[in-house]
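Inspection log for the structure reproduced underneath, given as structure tokens.
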Amino acid sequence: MMLVNPYNQQDLTVEDEKLIDQAGQEFPKIAGAYRFVQDDNYTQNFGFQWNKFTQTQIDRFSEQSSQSKTRFFAVTEWDKEDLTGKNVLEVGSGAGRFSQVVLDHTQANLYSVDYSNAVEANFKNNGHHPKERFHLFQASIYDLPFAPQTFDKVFCFGVLQHTPDVKKSVENLVKMVKPGGELLVDFYPIRGWWTKIHAKYMFRPWTKKMPHDKLLRRIEKNASWMINASQFFNKIGIGKLTNRFIPICDIKNTLPQNLNKTQLREWVILDTFDMFSPEYDQPQRVETVKQWFEEFGLEVTFAGNINFEGNNVVSAVKGVLK
Ligand SMILES: C[S@@+](CC[C@H](N)C(=O)[O-])C[C@H]1O[C@@H](n2cnc3c(N)ncnc32)[C@H](O)[C@@H]1O
């Protein structure tokens, strides 16, 4: 794999526990990940979140849920055998729920990147895999430390809406794909004007500025009544109308349905924090992302919504570099 210094494009060589370019600039490996950026960037909330809820969404730690695996293969439709020995890039890996799926269910070589120190949570979850197969980087989608056109597969799940310039993010992902290779993205859909008539968008201007531990404490304090209220409204059939005004994640359409009470509370607190804390939240139209794929030279093979586990839906666009 060709690693490059994203700031001057010089090749990087591996030396002890660091990467170094010809000019002597070094990038250390700390707690399992090569570091190209500092922690104090706009994704600090994600670092906080994933280092607090390190295991919550990881299939391996939950008998009740294999949601990550189900979503991964529903979206990618990748053949496990076909991935053997392939170089796969994952951008925005968080605590590594999809890193785990790739590492445990295929024999691909995985390169995972996140801009936050969530890479530490990912390493705790997946660092037991051989280092020839699992490579971790704290770096930005805008400055990726790889030579252009190196990967057979590139995927970026649940990330684009949280980046400041979504089109540029897509362009940078495309640059990493080999000719004949594939890019897949999934993201929050925008369905219509009503998407933004939601407690999330009403409160976010304040909540995204709150100190993270204060926001988390407030969510924890209110989780029980909010869960009860939204479940009650779902039961009597008016949840679709009312629940968008309860400042809590969508229990019916985003969470695994067979969680026990304690797990449900933990997932709700995590997903609610995830909806109120990010600096950027920019849902996209599938059609727009599809046009960007084409503009950047990909042949689009799929653009639409994908259902998995009953009610769960994500928007996805897939393409192959011509
Ligand atoms: C909602 S989380 C999703 C994580 C993981 N893909 C999952 O589905 O569990 C979004 C992730 O994107 C990362 N992210 C945001 N902007 C990024 C950027 N510019 N470069 C790389 N990662 C970024 C965040 O740090 C965060 O971990």
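Positions are given from 1 along the sequence. All heavy atoms count here, side chains included; hydrogens, waters and symmetry mates do not. Atoms within a ligand are numbered from 1 in the order they appear, just like the ligands themselves. All values reported here derive from a predicted model rather than from experimental measurement.
The shortest heavy-atom distance from Y280 to ligand 1 is not under 4.0 Å. Contact analysis leaves S169 out of contact with ligand 1, as no non-hydrogen atom separation drops below 4.0 angstrom.
Between F48 and H212, the angle of the ring planes lies from 30° to 60°, which puts this pair in the tilted group.
Polar contact with ligand 1: absent for V159 (N/O pair, distance under 3.5 Å). Close N/O approach between Y142 and ligand 1 is not found [any backbone or side-chain N/O within under 3.5 Å]. The shortest N or O to N or O distance between S93 and ligand 1 is not under 3.5 Å. Checked against a 3.5 angstrom limit, the closest N/O atoms of F157 and ligand 1 fall inside it. For ligand 1, the polar-atom distance check finds no N/O of T163 at less than 3.5 Å from any of the ligand's N/O atoms. Looking at V91 next to ligand 1, no N or O pair under 3.5 Å apart turns up.
The nearest heavy-atom contact from the protein to atom 2 (S) of ligand 1 is F46 CE2, 3.7 Å.
Exactly one residue among L12, L136, V14 makes a side chain to side chain contact (heavy atoms under 4.5 Å, CB included) with Y34. That residue is V14. With N5 as the partner, the side-chain hydrogen bond (donor to acceptor under 3.5 Å, both in side chains) test is satisfied by one option alone out of Q25, Q22, Q10: Q25.
D104 has no carboxylate O lying under 4.0 Å from a charged side-chain N of K69, or vice versa, which leaves the two without a salt bridge.
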Show me the donor-acceptor pairs, under 3.5 Å and distance only, between side chains in residues 147-158 and residues at least two apart or in other chains.
from, atom 1, to, atom 2, distance (Å)
T150, OG1, A147, O, 2.3
D152, OD1, K178, NZ, 2.9
D152, OD2, N87, N, 2.8
K153, NZ, E182, OE1, 2.9

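Among N45, D114, N172, T43, the residue whose heavy atom lies nearest to atom 11 (C) of ligand 1 is D114.
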